[in-house]
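Below: one structure, written as structure tokens.
Throughout, a chain's letter reflects where its sequence line sits, starting with A, and its residues are numbered from 1. Fair warning: this is a prediction, and the values are worked out from it, not measured in the lab.
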There are 2 protein chains.
Amino acid sequence: MSTAAREPEPRANSIAATIRERGQRVTPQRMAVIEEFLTRRDHPSVEQIYRSVSERFSMMAVSTVYDTLRLLVELGEAVEVSAGGSETRYDPLTGDHCHLICTQCKQVIDLDMPGDAEAKLSPAAVERVGFAAERVIVQAYGLCAQCRSTASTRTS
Amino acid sequence: MSTAAREPEPRANSIAATIRERGQRVTPQRMAVIEEFLTRRDHPSVEQIYRSVSERFSMMAVSTVYDTLRLLVELGEAVEVSAGGSETRYDPLTGDHCHLICTQCKQVIDLDMPGDAEAKLSPAAVERVGFAAERVIVQAYGLCAQCRSTASTRTS
DNA sequence: CTCGTTGCAAATCATTTGCAATGGA
DNA sequence: TCCATTGCAAATGATTTGCAACGAG
């Protein structure tokens, strides 16, 4: 809608720096994916990023988007969100929060979480089975506000 | 290992009854899938169920397994577990518990959860965005005991 | 006989693999 | 030049669709 095209995106630069530090290359494809990913306010899927990016920059394959997002996850700059069996979504927010996933429109809504995620499950019990938890996630499936009102209109 | 073949499985009968009550049919394919699903102690994928069942009963397509598991989920007799982007697993345990998912071997471990799942996220905050949560899930990704010891043997 | 239900083959969609091209040392 | 890294086309794997056969009323 507005001139969303060329904001400097300081975070993109910092990510680029990290990639260079690791001895990896900062290529136009990677930057295009990273910029698009950081700019969005939703939780885009690979396909969505691919579509937006390939409009402006046609040298781009879907698998490159996969590669780049996987790299971002490795760097801790993105989090995978499996939106209920369907397409995987990616979230640039890395802090403690959880996800509300609409089972109808597949939208993912962020929700701040009171307290630490680890605390959500009993550490003693986890210990007992010898499991080393790296990441604890809390998600709720249900209907978002829009889909709720649509559902009540058309008698399901 | 033992004669696991023909236990009566009271729960299978009760599910069959529910299906009939809904005016749907209790077919051999469905019963084969349901029996196999309830008998297993792991959290089988569609593919795993398909393989076991089609050994004994060759009139069986993978998509029928999908159909039947979807029906079980609808009946509240199964729960989908998306084991980290890969194949979906199904859990016959319906009570309050959470899942530890090994990112290496994809094994899913059940863990009793102290307290109610809903309580894990702030109801007030959920309300504020107008979301109607149906099911709250808590999962941890990490390494199971076996994969941990294997990993430390071979220098990752 | 009729019409909703079922099972399945084939189609589709998401993701991974393998390899040719690239570019920094 | 050399070799690790990159991007991508093609392959694979998971899931859905569409439709022929079935069976209860």
Residue closer to the 5' end of DNA chain C, A/Ser63 versus B/Arg22 (nearest nucleotide): B/Arg22

Atom-pair distance (CZ on A/Arg89; P on C/dC13), nearest Å: 16 Å

Contact nearer the 5' end of DNA chain D, comparing B/Val46 with B/Arg25: B/Val46

Atom-to-atom span, CG of B/Asp67 to P of C/dA9 - whole angstrom: 13 Å

Distance, rounded to the nearest Å, where A/Ile19 contributes CD1 and D/dA4 contributes C1': 16 Å

Basic-acidic side-chain contact under 4.0 Å: B/Arg22, B/Glu74: yes

Donor-acceptor side-chain pairing of B/Glu36 and B/Ser52 below 3.5 angstrom: yes

Distance test, side-chain N/O of A/Thr88 to OP1/OP2 of C/dT15, below 4.0 Å: yes

Between C1' of C/dT16 and OH of A/Tyr50, the distance in whole Å: 17 Å

A/Gln139 side chain reached by B/Val136 side chain, heavy atoms, under 4.5 Å: no

Sugar-phosphate only, base, or nothing, as touched by B/Gln24 at under 4.0 Å among non-hydrogen atoms: sugar-phosphate

Sugar-phosphate, base or nothing in reach of A/Arg20, heavy atoms under 4.0 Å: nothing

Touch class at under 4.0 angstrom, heavy-atom based, for B/Arg70 against every strand present: sugar-phosphate

Sugar-phosphate, base or nothing in reach of B/Thr27, heavy atoms under 4.0 Å: sugar-phosphate

Non-hydrogen side-chain atoms of B/Phe131 and A/Ile109 separated by less than 4.5 Å: yes

Euclidean distance, atom CD of residue B/Gln29 to atom P of C/dA9 [Å, nearest integer]: 11 Å

Gap between atoms NZ and P, on A/Lys106 and C/dC13 respectively (whole Å): 15 Å

Euclidean distance, atom CE of residue B/Met31 to atom P of C/dT6 [Å, nearest integer]: 14 Å

Shortest non-hydrogen contact between A/Val129 and B/Ala145, atoms and distance: O-CB, 3.9 Å

5' priority, DNA chain C, between B/Met59 and A/Glu47 [closest heavy atom]: B/Met59

Atom-pair distance (CE on A/Met60; P on D/dT6), nearest Å: 14 Å

side-chain N/O B/Arg30 vs C/dG7 OP1/OP2, d < 4.0 Å: yes

